[in-house]
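Take a look at the structure below.
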Amino acid sequence: MTHRMKSNIGLILTYAILMVMVVVTLFPIVWTIGASLNPGTSLFSTQLIPEKASFTQYQYLLTDPNSQYLTWYKNSLKISFYTAVFSVLLTSITAYAFSRFQFIGRRYTLMAFLVLQMFPSLMAMVAFYVLLNMVGLLDSHWGLILIYLGGQIPFNAWLMKGYMDTIPRGLDEAARIDGANHLTVFFRIILPLCTPIIAVVFLFNFMAPMMDFLLPQIVLTSPENKTLAVGLFDMIRDRFGQNYTRFAAGSVMVALPIAAVYLALQRYFISGLTSGATKG
Amino acid sequence: MEPHRQPATIRKRKWNATKTAVLLSVLSMGLGQWYNRQWIKGSLFLILQFSYVVVFYDIFNMGLWGIVTLGEKPFRDNSILLMAEGLIAIFLILFGLLFYGLNIRDAYQVGRLREQGLRSPGIWASFRAVTDKGFPYLILFPSFLFLVFVVIYPLLFMMLIAFTNYDLYHSPPAKLVDWVGVDNFTALFQLDLWRNSFVNVFSWTVVWTLVATTVQFALGLILAVLINQKRVRGKRFFRTVLILPWAVPPFITIITWAALFNDDFGFINQMLSTLGIGAIPWLTDAFWTKAALLLIQFWLGFPFNMALCTGVLQSISSEMYEAAEVDGASAFDQFRSITLPMVLYATAPLLIVQYAGNFNNFNVIYLFNQGGPAVPESTAGGSDILISWVYKLMFDISKFNYAAAISIIIAIIVMSLAAYQFTRTRSFKEEDMIQ
């Protein structure tokens, strides 16, 4: 077998593997879209390519007075937006401290950050419930936002610190010689240079509350406060087969915008993650 | 030391001034500062101290009593709330002690300055010193506060619950909860029923973590390498499509997979029967549920790793491969001695995070089959990992004490392994050198 033949076989094999993976990847996604176009609501009659495709399920979710889909959507967007904005503020100033200052316990705090982040959050549910109950924030979106904010600090501060470390120190030292104080350096020099990683942290923290269903399910008790994930899960929890197509339609409307944003920004996610990881 | 001063007098004055200042500030915050003629700062410390005690007095009093006794009368005292208050009281006291310590240190330092014949710094100079030298502490304070209440407080809370008898039969407000020492831990390991459940769930958790994480990483790496080959066309297409499972919210895709794996009318069994293979009990047989869960997790986990590895691959200089080729290294040799070490070096911390993540991967287990199928005479289902078992113990049968004890075991395992691994990865060791 010549070298050339061998490498051609390798190439064919490569394409074969990649195509199989493409099919496996797309299948459940295409199937969900197909299911959402089925006129009936049950899983049993669901077809991949429905004979009588219709937007009945979408119509129900968006317009029927019994459907609270839009309320859930609004709640989720609100929680996600505030979580993302405040986490960027909180995280960037924390990362700045770790990246630019030497202080007692710096190295071990950083390490504790990473380890604490692996603490299983499920353990905390009862504690959060009691804490929010004590301060009167149970069944409130702000209680949820505060918990998300605290929980995201370790990982994201670590990620952002990794990025800040790559910004040359010469820049802030020069500014300091010109008389800038710590805060000026932070706002005028460091932050503008961190835009890519800020975008990453913003998006991670925008997406996370969108996808979380455990904490909101425990903290938010009244129906009008539910988030998308909780609402959709409740829809099929009791009668799995019965509401499937409706769930599928709701899912498509959540997944499409999220996937679009991810795909558009994947380059930044990757460069942010890799630089954060290696330099962390 | 300046030679023209007279050592004897200096020593005497130093001893007096510093000691007096320190003693006074130990007596009460602010007195030392007054003695040092720092009137404004001293008054601020004094006001802080009084308001702190006045505002939080009730919490201190009630909380400390509560955490020791966990309440004395049912309906009046809610043991769990008392425990939470007790923890918060302890946090507040520690915060207070921190400031108290700062106050003593400050009195000491200013006392020293005074003996060297220097004047005490004015309020403006003190303020500047705090915002300049103490700057990192100041800006870390908000994050610190959040971490204390959102990460450390729940951790301690659950640790305390593990040493109580908080379950369905001891649940406030109708009943009180009591401290029981290490009873829960011994019960977990001594009662046959619980020990068997624990051993089963634990071993599946370990297998699950190792297999799911390793395969999802290997798959991601292989795909990244395949796509990265020079001759492969349509790189953009493959990368975009294969990243989709990462881009779609997992709670949606997991439920979709549950529908596809449905025993009776799921697509996968329909397809299998068309192929002449009988239906497989994906949701009703523990073995097949585990198999399905692994397949789903591979699907969910490979895109992130592929993206990550692609990023690393693109940063490896092609000169290395060219040199290897000149030396006659095969494609596999190149992969083994250039690609793999470089990728592992760069991704090690995130790989560890993924191992820990799968160890606690509640979502995929719970959303797929609620940890089922049910196992007779066991509180854990056939595919439950530790974390989903904890959920069942808490929310299905209110066995909070056992849930907490198991959680502590999980936390100890994950955190110590992770801490050990992190200190060993080169990127952590060289943290200060890379900059």
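The sequence lines fix the lettering, A, B, ..., with proteins before strands; numbering per chain opens at 1.
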- Query: So which of A/L131, A/I145, A/L146 actually passes side chain to side chain contact (heavy atoms under 4.5 Å, CB included) with A/L137?
  - Reply: A/L146
- Step by step, work out the side-chain contact (heavy atoms from CB on, under 4.5 Å) result for B/N363 and B/F251. CA-CA 7 Å; B/N363 279 359; B/F251 81 91; 5.6 Å; no
- Message: Apply ring-ring contact (aromatic ring centres under 6.0 Å, His included) to residues A/Y96 and A/F101 and explain how you reach the verdict.
- Response: CA-CA 8 Å; A/Y96 177 55; A/F101 296 92; 5.5 Å; yes
- Taking atom NZ of B/K235 as the centre, report whether more than 12 heavy atoms of other residues, nucleotides or ligands fall under 6.0 Å from it. yes
Region of [X] in contact with chain B, defined by heavy-atom distances below 4.5 Å:
| X | value |
| --- | --- |
| A/I93 | both |
| A/F213 | side chain |
| A/Y15 | side chain |
| A/V261 | neither |
| A/L26 | side chain |
| A/M210 | backbone |
| A/L13 | neither |
| A/I17 | side chain |
| A/M21 | both |
| A/I29 | side chain |

Quick check on [X] against chain A: is it the side chain, the backbone, both or neither that has a heavy atom closer than 4.5 Å?
| X | value |
| --- | --- |
| B/F359 | neither |
| B/M415 | both |
| B/T253 | neither |
| B/L156 | neither |
| B/L219 | side chain |
| B/I252 | both |
| B/Q370 | side chain |

Identify the two heavy atoms, one from [X] and one from [Y], that lie closest to each other, and give their separation to 0.1 Å.
| X | Y | result |
| --- | --- | --- |
| A/R100 | A/P168 | NH2-O, 3.9 Å |
| B/P154 | A/A127 | CA-CB, 3.6 Å |
| A/S87 | A/L149 | N-CD2, 3.3 Å |
| A/G150 | B/V151 | O-CG2, 4.3 Å |
| A/R169 | A/S99 | NH2-O, 2.7 Å |
| B/R233 | B/F238 | O-CE1, 3.7 Å |

Top contributor to chain A contacts, counting heavy-atom pairs under 4.5 Å, from [options]:
| options | answer |
| --- | --- |
| B/T131, B/V232, B/D264 | B/V232 |
| B/T310, B/L386, B/L260, B/L223 | B/L260 |
| B/W299, B/F149, B/F395 | B/W299 |
| B/F302, B/F400, B/F141, B/F237 | B/F302 |
| B/Y366, B/Y153, B/F362, B/F144 | B/Y153 |
| B/V148, B/I243, B/L155 | B/L155 |

Who among [options] has the most heavy-atom pairs with chain B under 4.5 Å?
| options | value |
| --- | --- |
| A/T91, A/V130, A/N133, A/V254 | A/V130 |
| A/I147, A/L263, A/L18 | A/L18 |
| A/L11, A/D212, A/L256 | A/L11 |

Do the side chain of [X] and the main chain of [Y] share a donor and acceptor less than 3.5 angstrom apart?
| X | Y | answer |
| --- | --- | --- |
| B/N358 | B/N361 | no |
| B/W257 | B/L295 | no |
| B/S143 | B/L140 | no |

- Query: Do the ring centers of A/F27 and B/F267 come within less than 6.0 Å of each other?
  - Reply: yes
- Would you say the side chain of A/T94 lies within less than 4.5 Å of the side chain of B/I139, judging by non-hydrogen atoms? no
